[in-house]
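First comes the structure, then the notes that go with it.
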Amino acid sequence: MSKIKVAELFYSIQGEGKYQGVPSVFLRTFGCNFKCAGFGMPRGELSDEVEDIAQVVHMYNEYKELPLVSTGCDSYASWDPRFKHLSPLLSTESIVGSIMGLLPNKTWVDEHLVITGGEPLLGWQRQYPDLLDHPDMTGLKEITFETNGTQQLTPEFREYLHNWNKVGREITFSVSAKLPTSGEKWEDAIKPEIVCTYEEVGTAYLKFVVATEQDIADAECAAGAYRKAGFTGYVYLMPVGGVESVYTLNAKNVALAAMKRGWRYSDRLQVPLFRNAWGT
Ligand code: SF4
């Protein structure tokens, strides 16, 4: 039986991107190829906020007890090996059981499944078919993979998604491509040819997290590279910030910048609604 290392599994409202406002089950898998320690920091500097938490990791028994951070990756415990023990390896059978328990009607109505991370396409592509083919998952009509857009789909998973899509169901790739503000290198993070292959099996859109004019210029440059490679999906700009004080500082300017370019603006509804707490 397939197993997936699960950092979080919860029911909430999708706060970002195309499905904003849609009731959604979030499956946050463990593991990522990036660190994104630059978020919320002056350009060129990396956050070490998580170091203090790692020093006292023994104080925490569950993922949801961990402190939130305002700089660096806000999902740090979903990939940092020092927090690995807080993400259990669960059978797909037990994950489906938990998902059904989260759905308010104990069956799929209009809910959407978001497979997020970490980087959900990094290590678990072989396991997802077992999860999605479970009899209790037949009512599911829409999935989004929230990805950083650097992972190739395996030929087997690509074929699987192609067939899943054929019967009136929708697959979306919400591609949060990492700009230099993340602290990751451009050549590692901007992979247009890979993202174009996602469009062969579903809908894909780009979602750039920005705070400054320089970030917006970077987003423009990256969007140009994706377009040049043949990418046809929407482009979103989203303000940086996992805490409201940071987020409200730049939201309006980000919206104006999106409008100016004919791009879409994405809010982060989970911040004002739920203060970006775990499980939201
Ligand atoms: S790609 Fe996403 S999950 Fe991975 S380190 Fe960056 S922000 Fe965190």
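When a ligand or atom number is given, it counts from 1 through the structure's own listing order.
- Within the protein, the number of N/O/S atoms found under 2.8 Å from atom 6 (Fe) of ligand 1 is 1.
- Ring geometry, Y205 versus Y236: the interplanar angle falls from 30° to 60°, so the pair is classed tilted.
- Taking the ring centroids of F30 and Y63, they lie at or beyond the 6.0 Å cut-off.
- Listed by chain and residue number, P129, Y160 satisfy the side-chain contact (heavy atoms from CB on, under 4.5 Å) test with D133 (two or more places apart in sequence, or in another chain).
- Evaluation of the salt bridge (Lys or Arg N to Asp or Glu O under 4.0 Å) test over residues 53-62, restricted to residues two or more places apart or in two chains, returns E62-K64.
- For atom 3 (S) of ligand 1, the closest heavy atom belonging to the protein is G118 N, 3.5 Å.
- Using a cutoff of 4.0 Å between basic side-chain nitrogens and carboxylate oxygens, D80 and K35 are not scored as salt-bridged.
- Contacts of R227 classified as side-chain contact (heavy atoms from CB on, under 4.5 Å), with partners at least two apart in sequence or in another chain: F231, V235.
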